[in-house]
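We count ligands from 1, going down the list as the structure has it; atoms in each ligand are counted the same way. Each residue takes its place number in the sequence, starting with 1.
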Amino acid sequence: MNHQGFRTLTIDDYTPYIGQEAVERIRAKGEALRHHHVVHVSSTYYGGGVAELLSSMTLLMNSLGIRTGWRIIFGPPDFFGITKKMHNALQGGDINLSELKKDIYEEVVYENSIRNHLSHDIVIIHDPQPLPLIGHYEKKGPWFWRCHIDLSEPDPALWNYLRPFVEQYDAVIVSMSEYAQALEVPQHFFMPAIDPFSIKNYDMTPSEVNERLERHGIPTDLPIIAQVSRFDLWKDPVGVIKAFEIARKEVDCTLVLLGSPATDDPEGQEIYESLLGYEDERILIRSVSDSALVNALQRKSQVILQKSLREGFGLTVTEAMWKGVPVIGGNAGGIPAQIQDGVNGFLVSSSEEAAERLITLLKDGPLRTRIGRAARLSVQENFLMVRLLEQYLDLFSSYMVGKHR
Ligand code: UDP
C-alpha cells in the first residue's frame, strides 16, 4: 500500500496458488536484482496479448524492487501497415518486401530511438515493430528480443532481412522450442501467462457476469459459444461461424465473436466490418474494449472456441481455461502446448471437427465439468504470471552475473 492508499498486486498474492515456499524463492531471486533498471519496449499499450502480459509483468517486477518501465514506439499508419504485413509474413503469409517498406520501417524506428533514451541495465524489445532499435544505442547491459509470434514457418526473404537485427541481441526469447531459428545468439523459450487477479480474470460473481452481458445486449437465454480475439484472419472467424452454423442445427445456441481494436493492428476494422454481414439474431459480432466483458463472456460461455490457424501462444485459451470453461482450439502454434486433446479441452483442424466437438460438449454437462476442471488445474500449474516472472528473473541474473555468455 502506498501513502495514498493505492495497492497493486505483489508476489504474496500468489501464495494460495503456488505456496509460501515458492513465493519466498521468487522473492529472493528478485532481491538479488533489486535496483536494477529494466525497460520493456512494445508497440501498443492495449489490445492483444503483449499489452496484456506487460501490464501485469511490469507491476510485479516493480513490486520486487526491480525498477521496470514500459515504453511504446509510435509511428504513422503506414508504419503499422508494414509491421502488420511483417507479422503476417512471419506467420507464413506473403509480403512484397520493397525497399520503400524497409526504408519506412527503419526510419520510423530510428525516429523512436531519438525520442527514447534507453540506458537501462536490461532492455527487452517485444516483437518486430521496435526490433531495429538496438542498432541506435550504446548497450549498457543485455538486450533481449522477445518475439511472441508463431515462427514455425517464417517467410524466408523477410527472415533474412530481419536476422541481422536479431543477431545484434544478446539473446532471443520465443514462446516455444518449435519456433527456434538458425541463429548465432542463444534462444530461450518462455510461454506466456495470465494474471488471475486482473479485471479480465478475477472471480466475477454470477450477478456481475449477467449484468455485464446485459449491458452489452448479449442474450443469456440459450447456451453461449464465444470466440474472443482480435479481428484477424489467422483467428479464422469465418471458420468459427461455419462451425456454429453446423452445430446450431442440432443444439440451439448463441454465438458471440468479441474483438477489440489494437492500435498496432490496422486490418482489424476491415475484418470486423466484413463479418457484420454474418450477423443474425443468434450470431453477434462485437468490437468493444472491455476487459470485464471478456471475463463475463468467458465465464458464461458453455464452450469457448479459439479456432486459430496460426497462434503465437493464445492467451485467450489460457484465460478461458482458467475459468473452468472447456475450450475447442485450433491445432496450431501455442494452442497444443496448452490443450491436451480430450483431457483439458479439444484440438481441431477444421470447422467440421469443431462443430462435432461443439455438439458433443453442448449435449454433455458432466463432460464439460470434467474438461473444465482439468483446464483450470493445468493453468494453475503452468500458466500463472509468477512462473513467467521467475523465468525472467533467472534469465536476468544469468546474463547480469555471467555477463554476455
Ligand atoms: N482481448 C481483449 N478483448 C477482446 C479481444 C482480445 O481484451 O475483445 C485480449 C484477450 O483477452 C487476450 C489478448 O487480447 O488477453 C489476446 O491475446 P492472444 O495471445 O490470444 O492473441 P494476440 O492478440 O496476441 O494474437
Ligand 1 atoms nearer than 4.0 angstrom to some heavy atom of Glu311 are 21 (O), 25 (O)
Side-chain donor-acceptor contact under 3.5 Å, Ser175 with Arg146: yes
Kindly assign one of parallel, tilted or perpendicular to the pair Tyr17 and Phe197, based on the angle between their ring planes and the thresholds 30° and 60°. tilted
Parallel, tilted or perpendicular, judged at 30° and 60°: which one describes the rings of Trp143 and Tyr137? tilted
Aromatic plane relationship, Phe190 with His188 - under 30° parallel, 30 to 60° tilted, over 60° perpendicular: tilted
I need the nearest protein heavy-atom contact for atom 24 (O) of ligand 1: residue, atom name and distance, please. Gly49 N, 2.9 Å
Donor-acceptor list for residues 56-67 side chains, cut-off 3.5 Å, not counting sequence neighbours:
from	atom 1	to	atom 2	distance (Å)
Ser56	OG	Asp195	OD2	2.8
Thr58	OG1	Leu54	O	2.6
Asn62	OD1	Thr68	N	3.1
Asn62	ND2	Thr58	O	2.8
Asn62	ND2	Thr68	O	2.8
Ser63	OG	Leu60	O	2.7

So is Ser291 polar-close to ligand 1, meaning N/O to N/O under 3.5 Å? no
Which word best sums up how the rings of Tyr272 and Phe231 line up, parallel for under 30°, tilted for 30 to 60°, or perpendicular for over 60°? tilted
Report yes or no: does His148 have a heavy atom closer than 4.0 Å to ligand 1? no
Atom 21 (O) of ligand 1 sits nearest the protein heavy atom Lys235 NZ, 3.1 Å
Which part of Gln306 is near ligand 1, with near meaning a heavy atom under 4.0 Å away: side chain, backbone, both or neither? neither
So if I count the atoms of ligand 1 from 1 in the order they appear, which ones are less than 4.0 Å from some heavy atom of Gly314? 19 (O), 20 (O)
Under a 3.5 Å cutoff, is there a donor and acceptor pairing between the side chains of Asn295 and Glu208? no
Using heavy atoms and a threshold below 4.0 Å, how should the contact between Thr316 and ligand 1 be classified: side chain, backbone, both, or neither? both
Atoms of ligand 1, numbered as shown, that sit under 4.0 Å from any heavy atom of Arg230: 22 (P), 23 (O), 25 (O)
Could an N or O of ligand 1 be found under 3.5 Å from any N or O of Val294, whether backbone or side chain? no
Do you see a donor-acceptor pair shorter than 3.5 Å between the side chains of Glu153 and Tyr179? no
Nearest protein heavy atom to atom 5 (C) of ligand 1, by residue and atom, and its distance? Val228 CG1, 3.6 Å
Under a 3.5 Å threshold, yes or no: a donor from one side chain and an acceptor from the other, between Ser152 and Asp150? yes
Starting from atom 9 (C) of ligand 1, what is the nearest protein heavy atom, named by residue and atom, and what distance separates them? Lys200 NZ, 3.4 Å
Any nitrogen or oxygen of Gln298 lying under 3.5 Å from a nitrogen or oxygen in ligand 1? Just yes or no. no
Atoms of ligand 1 less than 4.0 Å from Leu258 heavy atoms? 8 (O)
Distance to 0.1 Å, residue and atom name: give those for the protein heavy atom nearest to atom 18 (P) of ligand 1. Leu315 N, 3.5 Å
Using a cut-off of 6.0 Å, state whether more than 12 heavy atoms not belonging to Phe74 lie near its atom CZ. no
Under 3.5 Å, N or O to N or O, is Glu319 touching ligand 1 that way? yes
Considering both backbone and side-chain atoms of Phe313, is one of its nitrogen or oxygen atoms within less than 3.5 Å of a nitrogen or oxygen in ligand 1? no
Is it the case that over 12 heavy atoms from other parts of the model lie below 6.0 angstrom from the CG atom of Asp94? no
With heavy-atom distances below 4.0 Å as the criterion, list the atoms of ligand 1 near Glu52. 15 (O)
